[in-house]
Amino acid sequence: MHRFDITTPIEVKSLDELDAREVALVEAALQATLRAYSPYSHFSVGAAIRLSDDTIVAGSNQENVAYPSGMCAERTAAYYAHSRHPEARFVAIAVAARDSQGRQPDEPITPCGACRQALLQYELLAGAPVKVYMAGRQEIWMAPSIESLLPLCFKDF
Ligand code: THU
C-alpha cells in the first residue's frame, strides 16, 4: 500500500500587491457583480476572463425561477468569451461577489465544481495554465491553474 497527497498552492495578496493588469481583471469581475441577475439568492457573482489578445470578457450569474436553469458567473463569462473570441485563449480568470447588502464577502469566492470542470476545458485548449484570482473583501487568493483547483480531474478518455 502507498499513498500520495495532493496540495494546491494558494498565493494570498491584497489588491495593492497586484500589478495593474491583475487589478484590472479583479476590478472587471467586481464591476460584473453589479450586472448579476440574482433575484433568488441575492448573491451577485462576477467573473472576468483575460484572453490571449488581452481582451477582458466579463459575465455574471443569471438566475431562473426554475433554479437549475440558472447559470454561474464563471460559465456565463467562459461560454461567452469562447463563442465571441474562438481564436483567443484563456489566460486568467478573476471571480468576485457581493452579498445582498452589496458587500464583498470576507471569504474569497471560489468557483463551484461544475465551473471548475467547464473552465478546465478552456485551460486544456490553451495548453497553458489559466491563473485564477478569487477575490474577498481584503484578500485575493490566487491559484496557479484551473487544474490545481480540480485535483484528479477527468480530462481525457
Ligand atoms: N454562483 C456563481 O455564479 N459562481 C460561483 O462560483 C458560486 C455560485 C452563483 C449561483 C447562484 O446564482 C448564486 O451564486 C448562489 O449560489
Side-chain angles (χ1 to χ4, degrees), residues 6-15 18 21-51 55-85 88-126 128-155:
I6 301 168
T7 57
T8 299
I10 304 290
E11 265 189 280
V12 179
K13 289 188 180 178
S14 58
L15 201 61
L18 299 181
R21 286 162 57 82
E22 295 173 313
V23 171
L25 196 65
V26 172
E27 293 289 357
L30 198 53
Q31 278 297 313
T33 63
L34 302 174
R35 299 187 293 271
Y37 177 60
S38 50
Y40 301 103
S41 71
H42 304 288
F43 188 69
S44 299
V45 185
I49 296 169
R50 184 178 290 282
L51 299 174
T55 311
I56 291 178
V57 172
S60 55
N61 54 330
Q62 301 294 314
E63 297 186 349
N64 191 280
V65 62
Y67 285 10
S69 301
M71 185 50 66
C72 290
E74 295 90 327
R75 275 175 287 168
T76 303
Y79 295 154
Y80 179 69
H82 194 246
S83 51
R84 178 72 181 79
H85 304 272
R89 296 295 172 250
F90 290 19
V91 171
I93 180 167
V95 191
R98 289 180 207 270
D99 63 19
S100 56
Q101 317 302 318
R103 281 168 64 82
Q104 275 190 274
D106 281 333
E107 181 99 337
I109 166 97
T110 55
C112 79
C115 285
R116 293 177 197 205
Q117 182 68 41
L119 291 167
L120 178 67
Q121 189 74 22
Y122 301 105
E123 180 168 270
L124 295 171
L125 194 62
V130 174
K131 199 163 175 179
V132 186
Y133 297 81
M134 297 163 281
R137 195 177 306 160
Q138 311 280 1
E139 292 182 341
I140 318 290
W141 291 355
M142 285 164 293
S145 64
I146 304 294
E147 190 169 348
S148 72
L149 293 177
L150 199 59
L152 305 182
C153 56
F154 179 69
K155 58 179 176 179

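Values below: every heavy atom of this structure, side chains too, minus hydrogens, waters and symmetry copies. In listed order, ligands and their atoms are each counted from 1.
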Would you confirm whether any non-hydrogen atom of the protein falls under 4.0 Å from atom 14 (O) of ligand 1? yes
The reported gap from CD1 in Ile109 to CG in Asp99 (rounded to nearest 0.5 angstrom) is 11.0 Å
How long is the gap from CZ on Arg116 to OG on Ser148, to the nearest 0.5 Å? 9.0 Å
Applying a heavy-atom cut-off of 4.0 Å, say which part of Gln62 lies close to ligand 1: side chain, backbone, both or neither. neither
Any non-hydrogen atom of Pro111 lying under 4.0 Å from ligand 1? yes
Audit row: Glu22, Lys13, salt bridge (charged side-chain N to carboxylate O under 4.0 Å, His left out) steps and yes/no: CA-CA 11 Å; Glu22 295 173 313; Lys13 289 188 180 178; 5.0 Å; no
Taking non-hydrogen atoms only, is Thr110 closer than 4.0 angstrom to ligand 1 via side chain, backbone, both or neither? backbone
Minimum-distance protein heavy atom relative to atom 4 (N) of ligand 1: Glu74 OE1, 2.8 Å
Separation of Ile146 CD1 from Lys155 NZ (nearest 0.5 Å): 13.0 Å
Identify the protein heavy atom lying closest to atom 7 (C) of ligand 1, giving its residue, its atom name and the separation to 0.1 Å. Ile109 CD1, 4.2 Å
Pairs of nitrogen or oxygen atoms closer than 3.5 Å, one from Ala73 and one from ligand 1: do any exist? yes
Side chain, backbone, both or neither: which applies to Ser41 and ligand 1 if a contact is any heavy-atom pair less than 4.0 Å apart? side chain
Residue, atom name and distance, where the atom is the protein heavy atom closest to atom 9 (C) of ligand 1: Asn61 ND2, 3.6 Å
Numbered atoms and elements of ligand 1 in range of Glu63, under 4.0 angstrom, heavy atoms: 11 (C), 12 (O), 13 (C)
Is the Tyr40 ring parallel, tilted or perpendicular to the Tyr67 ring (thresholds 30°, 60°)? tilted
Return yes if a side-chain donor-acceptor contact under 3.5 Å exists between Ser60 and Gln62, otherwise no. yes
So if I count the atoms of ligand 1 from 1 in the order they appear, which ones are less than 4.0 Å from some heavy atom of Cys112? 6 (O)
More than 12 heavy atoms of other residues, nucleotides or ligands under 6.0 Å from CZ of Arg137: is that the case? yes
Between His82 and Tyr122, what is the ring plane arrangement, given parallel below 30°, perpendicular above 60°, and tilted in between? tilted
What's the verdict on side-chain contact (heavy atoms from CB on, under 4.5 Å) for Arg84 and Thr55, showing C-alpha distance, side-chain angles and the deciding distance? CA-CA 11 Å; Arg84 178 72 181 79; Thr55 311; over 6 Å; no
Report, in ascending order of atom number, the atoms of ligand 1 lying under 4.0 Å from any heavy atom of Phe43. 14 (O)
Quick one: which ligand 1 atoms are inside 4.0 Å of a heavy atom on Cys72? 1 (N), 2 (C), 3 (O), 4 (N)
Any atoms of ligand 1 less than 4.0 Å from a non-hydrogen atom of Val45? List them with their elements. 1 (N), 2 (C), 3 (O), 4 (N), 9 (C), 14 (O)
